[in-house]
Number of protein chains: 2
Amino acid sequence: MTETQPTAAAAEPGGDAAPVRRSPVERRILAAALRLFAERGFDGASVQGIVEAADVTKGALYHYFDSKDALLYEIYHSLIARQLADLDAVLAEGLPPREAVRKVLTGLILSTAEHVDEAKVFSREWHRLDDARMHAVRADRRRYHNTFRALVEQGRRDGSFTTPTPADTVAIVALGMVNQLPRWYRADGPKPAADLAAEVADFILAALD
Amino acid sequence: MTETQPTAAAAEPGGDAAPVRRSPVERRILAAALRLFAERGFDGASVQGIVEAADVTKGALYHYFDSKDALLYEIYHSLIARQLADLDAVLAEGLPPREAVRKVLTGLILSTAEHVDEAKVFSREWHRLDDARMHAVRADRRRYHNTFRALVEQGRRDGSFTTPTPADTVAIVALGMVNQLPRWYRADGPKPAADLAAEVADFILAALD
DNA sequence: TGCCAGAAACCGACCGGTCGGTATGCATCC
DNA sequence: GGATGCATACCGACCGGTCGGTTTCTGGCA
């Protein structure tokens with residue numbers, strides 16, 4: 001697995017950041033797997049069900065993917081890659097901490113709301129991966145957390161934020177809300193995702209002040 | 001911590017109010033189920049594995065419990081019952097909103113840290129319950145959320161809190177952090193749970209101000 | 001106290017079914 | 001004629017749950 005460096009590529013928030021070339025069959029398989037994993041969980045979704053939903057045969061699935069685990073990993077990876085790309089893009093703008101935190105948070109919430117299924121699967125079953133893949137996922141997650149924490153830390157150092165709360169705890173609270181979002185969020189809910197994102201960002205920034 | 005005491009557990013929607021008496025065998029089964037569910041997930045833990053860990057036979061397990069689902073529900077129910085009892089106890093003290101919020105939050109975080117396994121299983125697999133049991137669990141969860149939200153709302157109305165953030169969003173952020181906690185928290189981690197609880201409560205209260 | 005009958009607690013081999021994964025055949029295209 | 005892109009048939013492992021039977025407990029009666 002090639003490590004994703006803080007590349008300046010994909011400065012398109014919320015967009016598809018993966019340069020992976022997929023055949024139509026692969027895309028159908030991944031879409032079906034995503035839907036079924038989100039609906040019934042990883043173990044609850046059978047390979048047979050996935051190939052039927054994707055209208056392919058088992059042979060086709062195992063031609064493109066090594067295992068059921070591999071499907072799960074592809075879903076995780078595309079999600080994290082997008083989040084990291086968005087994060088790097090905001091950091092590259094060199095905004096003052098307050099604006100940077102706001103932009104990162106609202107972007108993350110909007111992107112999570114837009115890809116609820118990926119996020120739901122991710123937050124629920126990432127522990128089912130084999131050791132190697134889990135390690136890769138964990139490393140990416142940690143990088144996101146650490147980068148966000150560093151952003152808050154920088155704001156505290158330069159006086160933008162006066163909160164006594166350690167940056168790590170701030171990250172735990174802010175990112176915790178985001179990771180929990182796919183459990184209850186519905187696109188047809190009463191409050192638009194943009195409103196929610198703004199409210200949460202304002203709330204966190206108020207605490208940081 | 002001991003079981004839920006005979007304290008008058010307030011109006012409990014759809015649940016039995018019986019003060020569950022458990023035989024040693026039942027307790028061993030539940031403890032083993034909890035450990036294995038937390039370790040390998042609901043589907044990943046087989047009934048066979050549970051009875052071996054509990055050192056009982058399958059017949060004994062199905063003598064006491066209707067199904068594998070029933071085991072899961074018992075775990076959920078004991079956790080929620082404890083949380084609701086704690087919440088009600090704090091509310092009964094009639095503290096001013098600021099102190100009440102602090103006490104509820106720190107108590108919830110400490111209790112979650114103390115019962116990480118229950119919380120981990122809960123946050124990960126509550127969707128696997130059958131419809132009836134899921135409904136019961138959901139109702140209890142909603143009651144917790146709504147009560148907490150009402151507490152914040154009251155504080156906003158009487159001027160204790162001046163934040164413009166809707167109480168519902170506050171609950172989403174605060175409780176989101178708690179629900180996410182079992183994913184990363186380790187009892188032997190660098191920061192004691194009490195410190196974490198205090199930091200988070202301070203942070204949220206700072207935002208509410 | 002001794003005895004016994006019925007109920008509760010428990011045993012574990014076994015069942016039908018599903019699961020992830022494999023082996024192999026066979027067009028199509030370079 | 002090999003590599004690619006599938007289709008089809010099939011496998012052994014294991015799963016949650018059942019069921020007929022056995023052991024242990026309990027209370028009433030002599």
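Computed from a predicted model, the values in this text were never measured in an experiment. Every chain is numbered from 1, with letters handed out A, B, ... down the list of sequences.
With sequence neighbours left out, A:Arg156 forms a salt bridge (charged side-chain N to carboxylate O under 4.0 Å, His left out) with no residue at all. Partners of B:Asp117 according to the salt bridge (charged side-chain N to carboxylate O under 4.0 Å, His left out) rule, which considers only residues two or more places apart in sequence or in another chain, do not exist here. Residues passing the salt bridge (charged side-chain N to carboxylate O under 4.0 Å, His left out) test with B:Arg124, sequence neighbours excluded: none. Shown here are the salt bridge (charged side-chain N to carboxylate O under 4.0 Å, His left out) partners of A:Asp130, two or more places apart in sequence or in another chain: A:Arg133. Every residue was checked against the ring-ring contact (aromatic ring centres under 6.0 Å, His included) condition with B:Phe161, not counting sequence neighbours, and none meets it.
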Identify all side-chain donor-acceptor contacts of residues 145-155 of chain A below 3.5 Å with residues at least two apart in sequence or on another chain.
| residue | atom | partner | partner atom | Å |
| --- | --- | --- | --- | --- |
| A:His145 | NE2 | A:Asp168 | OD1 | 3.0 |
| A:Asn146 | ND2 | A:Arg142 | O | 3.4 |
| A:Thr147 | OG1 | A:Arg143 | O | 2.7 |

Which pairs of donor and acceptor atoms, one on a side chain in residues 188-200 of chain B, lie under 3.5 Å apart (sequence neighbours left out)?
| residue | atom | partner | partner atom | Å |
| --- | --- | --- | --- | --- |
| B:Lys191 | NZ | A:Thr169 | OG1 | 3.3 |
| B:Lys191 | NZ | B:Glu199 | OE1 | 2.9 |
| B:Lys191 | NZ | B:Glu199 | OE2 | 3.4 |
| B:Glu199 | OE1 | A:Thr169 | OG1 | 2.5 |

Kindly list each side-chain donor-acceptor pair under 3.5 angstrom involving residues 28-36 of chain B, sequence neighbours excluded, with atom names and distances?
| residue | atom | partner | partner atom | Å |
| --- | --- | --- | --- | --- |
| B:Arg28 | NE | B:Ala54 | O | 2.9 |
| B:Arg28 | NH2 | B:Ala54 | O | 3.4 |
| B:Arg28 | NH2 | B:Asp55 | O | 3.4 |

Compile the donor-acceptor pairs under 3.5 Å between side chains in residues 174-184 of chain B and protein atoms, sequence neighbours left out, one pair per line.
| residue | atom | partner | partner atom | Å |
| --- | --- | --- | --- | --- |
| B:Asn179 | OD1 | B:Arg141 | NH2 | 3.4 |
| B:Asn179 | ND2 | B:Leu175 | O | 3.3 |
| B:Arg183 | NH1 | A:Ser123 | O | 2.5 |
| B:Arg183 | NH2 | A:Ser123 | O | 2.8 |

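Put simply, A:His63 has no side-chain N or O that comes within less than 4.0 Å of OP1 or OP2 on D:dC6.
Taking 4.0 Å as the cutoff to heavy atoms of chain A, we find the contact window on DNA chain C bounded by C:dC19 to C:dT22.
Contacts between residues 44-59 of chain B and DNA chain C, counted as heavy-atom distances below 4.0 Å, involve B:Thr57, B:Gly59. Non-hydrogen atoms lying under 4.0 Å from DNA chain C are contributed by B:Val25, all within residues 23-36 of chain B.
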Is there a side-chain contact (heavy atoms from CB on, under 4.5 Å) between A:Ile80 and A:Phe122 once you walk through the steps?
CA-CA 9 Å; A:Ile80 308 189; A:Phe122 185 95; 3.5 Å; yes
